[in-house]
> 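Got a structure here, written out as structure tokens. Questions coming.
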Amino acid sequence: MHDEKKCFTDSGIEIKKIYTKDDVTNFPPPEEAGEAPFTRGIQPDMYRGKLWTMRQYAGFSTAEESNKRYHYLLSHGVNGLSVAFDLPTQIGYDSDHELAEGEVGKVGVAINSIEDMQALFDGIDLQQVSTSMTINATAFILLSLYLVTAKKQNADLKKITGTIQNDILKEYAARGTYIYPPKPSMRIITDIFEWCSNELPKWNTISISGYHIREAGSTAVQEIAFTLSNGKAYVKAALQKGLDINVFGKRLSFFFNAHNNLFEEVAKFRAARRMWANIMKDLGATDPKAMMLRFHTQTGGSTLTAQQPLNNISRVTIQTLAAVLGGTQSLHTNGYDEALSLPTEEAARIALRTQQIVAFESGIADTADPLGGSYFIESLTNEVETAAWELIKQIDEMGGSVSAIEQGFIQNEIAHSAYQHQHKVETGEKIIVGVNKFQLDKEKIIPLLKIDESIRKIQVEKLKRLKESRNNTQVKNCLQALHNKVTSGENIMPAVIDAVENFCTLGEIADELRKVFGEYK
């Protein structure tokens with residue numbers, strides 16, 4: 001008799017041959033969609049009432065070039081913008097800094113000053129469009145630049161909507177674009193929470209990201225365990241500052257990855273909602289809206305292959321289904337060419353059309369939680385949740401996420417999973433179509449988007465003109481005022497906004513904080 005084949009999810013959860021109601025406790029799920037703990041979705045009618053926001057991530061070269069891409073995407077039916085910043089902008093250097101060389105405008109748009117931010121959103125009404133900014137260490141500066149741009153458009157800040165990623169903990173754990181040490185970084189984040197809950201009531205002040213944890217090689221279970229654990233650390237920091245969990249809790253949002261293992265991904269999203277509702281309740285939230293896990297999804301960058309890139313359209317479609325079946329609030333779909341370069345216009349359009357086809361042609365949007373009640377999905381949701389709680393318990397025993405990161409626990413867990421995945425691909429235990437099976441002898445050349453090296457020269461020229469034309473005494477005073485706020489422990493946001501309005505650059509503002517906090521190595 002031959003050994004029976006065993007199957008596992010990507011997180012190593014064993015999958016049975018068939019599932020029955022005996023595999024599921026609490027069946028059917030006790031709550032309706034829109035009811036805590038929100039396993040079945042955060043709205044009673046989910047996408048029947050309003051589709052998820054189709055938000056395409058874009059940004060490259062100069063603000064003027066990126067602005068053209070935004071207008072292109074908006075004209076093709078995108079209803080939310082998502083900004084990618086270049087590496088120097090992410091780590092607090094202006095384009096003329098020596099460390100910026102070779103990186104200006106490459107993985108995103110270069111933003112040095114209020115002039116760049118105004119050019120980025122030229123002709124776009126910031127009161128009408130919701131903008132998400134993938135920015136962490138310098139999130140407080142980019143948010144200030146965005147608000148000053150909105151003010152110059154005479155927008156009502158009470159109506160401005162969008163999100164800053166602002167999630168520094170995952171930078172230490174998985175991504176690396178941090179500037180300051182963890183404790184001062186947490187202080188900047190709680191300053192943003194505090195200032196925004198009074199001045200910017202509709203803005204999501206943080207997008208707690210599992211995306212980059214997954215990109216670094218974690219499993220689905222680790223993705224939600226580490227992300228929710230980081231979320232808990234932010235909530236505790238805000239509570240220590242005396243902020244009201246029922247107020248700031250409503251402005252927390254999350255950012256997850258969608259991979260190819262369709263059913264595990266759907267179970268992951270459902271489990272994450274249920275877990276977060278319980279975490280927030282335990283921390284003292286009484287308003288159900290403050291217990292709601294709202295999230296943005298991006299399809300898995302690390303799943304895209306450079307080999308036979310058009311196959312990525314099928315992968316992105318599966319991942320789109322996972323996100324929508326799992327109840328996402330907004331979605332970015334990757335371009336098929338992104339394993340090779342930034343997406344071309346054609347690739348970005350096909351990625352958007354993939355969302356539109358799922359939304360308008362597949363029927364998935366017609367009912368809330370379409371896979372709810374499946375014995376397999378309900379059982380898997382429970383298993384993913386149980387495994388994730390195990391990891392959170394380990395982190396809690398270490399004193400929470402900040403300590404677990406300082407001790408290297410989270411980084412090591414991710415590295416171990418990444419190694420195991422790679423090993424399975426290399427031995428052929430895990431098949432990646434076109435990579436370790438079904439290869440082609442000759443690959444078709446596809447056109448790529450190239451970023452010109454002259455971008456840095458353009459940015460440096462702009463900075464030179466700005467520094468010559470602004471009131472430099474005023475700049476000095478603003479930076480000194482900011483320095484004083486940083487050292488006194490007062491909320492830094494008003495001083496940062498003031499600095500931005502008076503043409504201080506991103507690098508100058510970031511340096512002022514470097515003087516006080518130092519850099520994390």
Side-chain angles (χ1 to χ4, degrees), residues 5-48 51-52 210 214 218-225 227-228 254 256-278 292-297 299-300 303 315-329 331 358-359 362-392:
K5 181 184 173 184
K6 282 186 182 251
C7 295
F8 297 89
T9 70
D10 290 345
S11 297
I13 295 167
E14 191 171 347
I15 301 170
K16 295 166 60 161
K17 207 158 44 177
I18 192 162
Y19 286 77
T20 68
K21 63 176 187 294
D22 298 336
D23 292 299
V24 192
T25 48
N26 72 352
F27 189 79
E31 82 271 14
E32 299 281 322
E35 287 176 10
F38 309 109
T39 314
R40 311 203 61 185
I42 60 167
Q43 304 296 347
D45 57 354
M46 282 307 288
Y47 307 130
R48 288 165 74 109
L51 285 172
W52 63 94
R214 190 67 177 278
S218 83
T219 64
V221 165
Q222 288 171 333
E223 180 188 351
I224 60 169
T227 307
L228 299 184
F254 288 82
F256 291 120
N257 207 315
H259 270 223
N260 294 328
N261 195 314
L262 180 69
F263 297 113
E264 182 174 47
E265 294 298 293
V266 174
K268 174 189 83 178
F269 296 130
R270 297 170 91 249
R273 267 195 298 272
R274 189 155 73 200
M275 292 170 76
W276 186 245
N278 288 318
M292 226 177 237
L293 182 141
R294 296 168 305 119
F295 66 98
H296 170 69
T297 309
T299 57
T303 68
R315 292 185 177 100
V316 169
T317 305
I318 292 169
Q319 295 162 12
T320 302
L321 293 175
V324 173
L325 290 165
T328 193
Q329 275 57 69
L331 179 61
V358 169
S362 74
I364 288 177
D366 296 345
T367 185
D369 192 28
L371 295 184
S374 142
Y375 299 138
F376 178 39
I377 282 292
E378 296 300 347
S379 167
L380 197 51
T381 301
N382 293 344
E383 290 203 67
V384 167
E385 180 177 7
T386 304
W389 281 127
E390 275 298 303
L391 275 172
I392 290 177

> With sequence neighbours left out, what residues match A387 under side chain to side chain contact (heavy atoms under 4.5 Å, CB included)?
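Partners of A387 under the side chain to side chain contact (heavy atoms under 4.5 Å, CB included) test: V221.
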
> Could you measure the distance from the CG atom of L228 to the CH2 atom of W389? Nearest 0.5 Å is fine.
7.5 Å

> Give a yes or no answer on whether the side chain of T367 reaches the backbone of P370 with a donor-acceptor pair at less than 3.5 Å.
no

> Taking ring pair (Phe, Tyr, Trp, His ring centres under 6.0 Å) as the definition, give me every residue that meets it alongside Y375, ordered by chain and number, with sequence neighbours left out.
F27

> Give, for atom CG of L371 and atom CG of L321, the distance between the pair rounded to the nearest 0.5 Å.
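Interatomic distance, L371 CG to L321 CG, rounded to 0.5 Å: 9.5 Å.
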
> Is the shortest side-chain heavy-atom distance between E14 and F8 below 4.5 Å?
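Result yes, sub-4.5 Å side-chain heavy-atom pair found.
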
> Which value, rounded to the nearest 0.5 Å, describes the distance between S11 atom OG and N261 atom CG?
8.0 Å

> Output the distance between atom CE (M46) and atom CG (L51), rounded to the nearest 0.5 Å.
10.5 Å

> Suppose the criterion is salt bridge (charged side-chain N to carboxylate O under 4.0 Å, His left out): which pairs have a residue in residues 25-36, not counting sequence neighbours?
none

> What pairs meet the salt bridge (charged side-chain N to carboxylate O under 4.0 Å, His left out) rule with one or both residues in residues 260-270, with sequence neighbours excluded?
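The answer is R214-E265, E223-K268, E265-K268, R270-D369, R270-E378.
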
> Which residues pass the side chain to side chain contact (heavy atoms under 4.5 Å, CB included) test with S362, sequence neighbours left out?
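S362 satisfies side chain to side chain contact (heavy atoms under 4.5 Å, CB included) with V358, I364 only.
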
> Among residues at least two apart in sequence or on other chains, which ones pass side chain to side chain donor-acceptor pair (under 3.5 Å) with T320?
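Per chain and number, T320 pairs via side chain to side chain donor-acceptor pair (under 3.5 Å) with no residue.
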
> Could you tell me which non-hydrogen atom of Q319 sits nearest to which non-hydrogen atom of G300, and how far apart they are?
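Distance-wise, the nearest heavy atoms are OE1-N, 2.9 Å.
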
> Might you point out which heavy atoms bring A359 and A365 nearest each other, and give the distance in Å?
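It is O-CB, 4.1 Å.
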
> Partners of A36 by side chain to side chain contact (heavy atoms under 4.5 Å, CB included), sequence neighbours excluded?
F38

> Looking only at atom types and distance, does a side-chain atom of D23 sit under 3.5 Å from a main-chain N or O of T20, one as donor and one as acceptor?
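Between the backbone of T20 and the side chain of D23 there is a qualifying donor-acceptor contact (under 3.5 Å).
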
> Please round to the nearest 0.5 Å and tell me the distance separating atom OG1 of T9 and atom CG of L262.
12.5 Å

> Partners of T299 by side chain to side chain donor-acceptor pair (under 3.5 Å), sequence neighbours excluded?
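So T299 forms a side chain to side chain donor-acceptor pair (under 3.5 Å) with N334.
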
> So, for A272 and L293, which heavy atoms are closest and what is the spacing to 0.1 Å?
O-CD1, 3.6 Å

> List for me each residue that meets ring pair (Phe, Tyr, Trp, His ring centres under 6.0 Å) alongside F376, sequence neighbours excluded, and say none if there are none.
Y19, F263

> Begin from the C-alpha positions of L331 and T297 and carry the test side-chain contact (heavy atoms from CB on, under 4.5 Å) through to its verdict.
CA-CA 5 Å; L331 179 61; T297 309; 3.8 Å; yes

> How would you list, by chain and number, every residue that makes a salt bridge (charged side-chain N to carboxylate O under 4.0 Å, His left out) with K21, sequence neighbours excluded?
none

> Which atom names give the shortest non-hydrogen contact between I42 and R273, and what distance separates them?
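I42 and R273 have their closest heavy atoms at CG2-CD, 3.8 Å.
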
> Calculate, to the nearest 0.5 Å, the distance between atoms CG and OG1 belonging to N257 and T227 respectively.
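Result: 10.0 Å between the selected atoms.
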
> State, to 0.1 Å, how close H296 and T328 come at their nearest heavy-atom pair, and which atoms those are.
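That closest heavy-atom pairing would be C-OG1, 3.9 Å.
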
> Apply side chain to side chain contact (heavy atoms under 4.5 Å, CB included) to T25 and list each qualifying residue two or more places apart in sequence or on a separate chain.
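With sequence neighbours excluded, T25 shows a side chain to side chain contact (heavy atoms under 4.5 Å, CB included) to N382, given in chain and number order.
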
> Can you give me the closest heavy-atom contact between I318 and N260, atom names plus distance?
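Where I318 meets N260 most closely, the heavy atoms are CG2-O, 3.6 Å.
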
> Taking the side chain as C-beta and beyond, is there a heavy-atom pair between E385 and E390 under 4.5 Å?
no

> Considering residues at least two apart in sequence or located in another chain, which fulfil the ring pair (Phe, Tyr, Trp, His ring centres under 6.0 Å) criterion with F295?
F256, F269

